[in-house]
Amino acid sequence: MTALEIVPVDSSAPAKTDLPGPKQFRLPGHLSFSALSTYAECGERYRIERGHGVRGPSYWNTVGGTAVHHVTELADRAWFGEDVEVLDFEAAFEEAIAEEVERSGFPESALRASGRASKAWPDKQNKSWWLTHGPLYVSAWIRWRENTGYRLWETPWGEPGIEVPIEVHVGGEPFVGYIDRVFVDPNDGTGVPVDLKCGNHEPKSSLQLGTYGVGLARDYGLPVRRGGFWMAKNYEKDGDGLKYMEDLSRFTPEYVDVQFAMAWRGIRAGVFLPSPGMMCKSCSVRDFCTLMGGERADELPALEVSSDMKQITSG
Ligand code: SF4
């Protein structure tokens with residue numbers, strides 16, 4: 001498929017919703033890995049979502065994933081010795097739904113189901129699907145922790161390595177991130193960042209883990225050699241969801257810095273190329289995407305060639 005080939009609109013695409021209108025474009029104060037990833041996947045989506053602040057209704061998978069993160073966090077904190085009450089999945093799920101409704105302004109009925117329809121689940125991964133699978137995901141995480149025996153790293157202020165904040169410069173600009181877990185490698189004492197993924201797709205690369213490795217070294221002086229993604233969808237497979245624990249040595253500070261520096265240059269220069277593809281089917285801001293015939297695309301201010309580009313093109 002060429003870069004500018006139009007992808008036909010899928011008849012199963014979500015119904016058009018009354019998204020709030022775009023705000024004035026704002027440059028970011030920092031980048032997170034998720035922002036870099038959105039920008040790399042589709043510049044136009046980044047511009048609409050993050051630049052103009054247009055956010056569509058979320059997905060059941062996102063809300064279910066939030067609940068899994070919450071319950072596993074509480075379980076890990078209790079394991080670490082903190083005096084916390086561990087919610088069951090259903091309670092955490094209802095909390096996450098209420099928070100999403102409050103945050104987005106859309107009703108619960110606007111939440112979208114994703115994944116494949118099957119005989120057992122003809123309505124895809126909806127609320128019922130999550131009420132069945134969420135508790136299984138949580139159990140798999142607890143099994144994985146028991147089986148590996150990995151110890152959580154302890155932050156300099158004595159907290160367990162859960163949602164570890166990273167605030168450093170990457171590519172010479174502010175970077176902010178929260179690492180789901182940081183464990184201690186029993187072999188050599190290095191830090192092991194682990195990210196919990198609750199969606200259907202495998203990460204396309206391990207750059208997220210490599211970025212966290214650089215962030216941990218910069219922010220805390222903690223060397224990192226390996227890291228891993230814990231895939232909730234693999235809950236029945238060997239390893240209870242941990243897809244791999246990978247050598248991250250190829251993600252040198254120089255390499256990671258360059259990736260973020262390139263993104264900053266592109267964003268500042270107004271480079272927001274659309275990238276049509278499979279993601280368009282579920283893109284929550286498609287209504288605003290000119291390339292895909294979005295009905296509200298004319299509400300976005302036209303992209304201007306930046307002054308840098310004018311100098312180059314007029315010379
Ligand atoms: S519809 Fe496709 S091309 Fe348009 S913003 Fe969304 S992902 Fe990008």
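Whatever order the structure lists them in is the order used to number ligands and atoms, beginning at 1. Sequential numbering from 1 along the given sequence is applied to the chain's residues.
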Atoms listed for atom 2 (Fe) of ligand 1 (protein only, N, O or S, under 2.8 Å, no waters) are Cys280 SG
Of all residues at least two apart in sequence or in a different chain, which pass the ring pair (Phe, Tyr, Trp, His ring centres under 6.0 Å) check with Tyr39? Tyr46
Does some side-chain heavy atom of Arg112 sit less than 4.5 Å from a side-chain heavy atom of Ser284? yes
Please determine whether the number of non-hydrogen atoms from other residues, nucleotides or ligands lying under 6.0 Å from atom CZ of Arg103 exceeds 12. yes
Sequence neighbours excluded, the answer for ring pair (Phe, Tyr, Trp, His ring centres under 6.0 Å) partners of Tyr212 is none
Could you give all pairs that pass the ring-ring contact (aromatic ring centres under 6.0 Å, His included) test and reach residues 264-301, with sequence neighbours left out? Phe25-Phe272
Could you tell me if the side chain of Phe251 sits less than 4.5 Å from the side chain of Val214, heavy atoms only? no
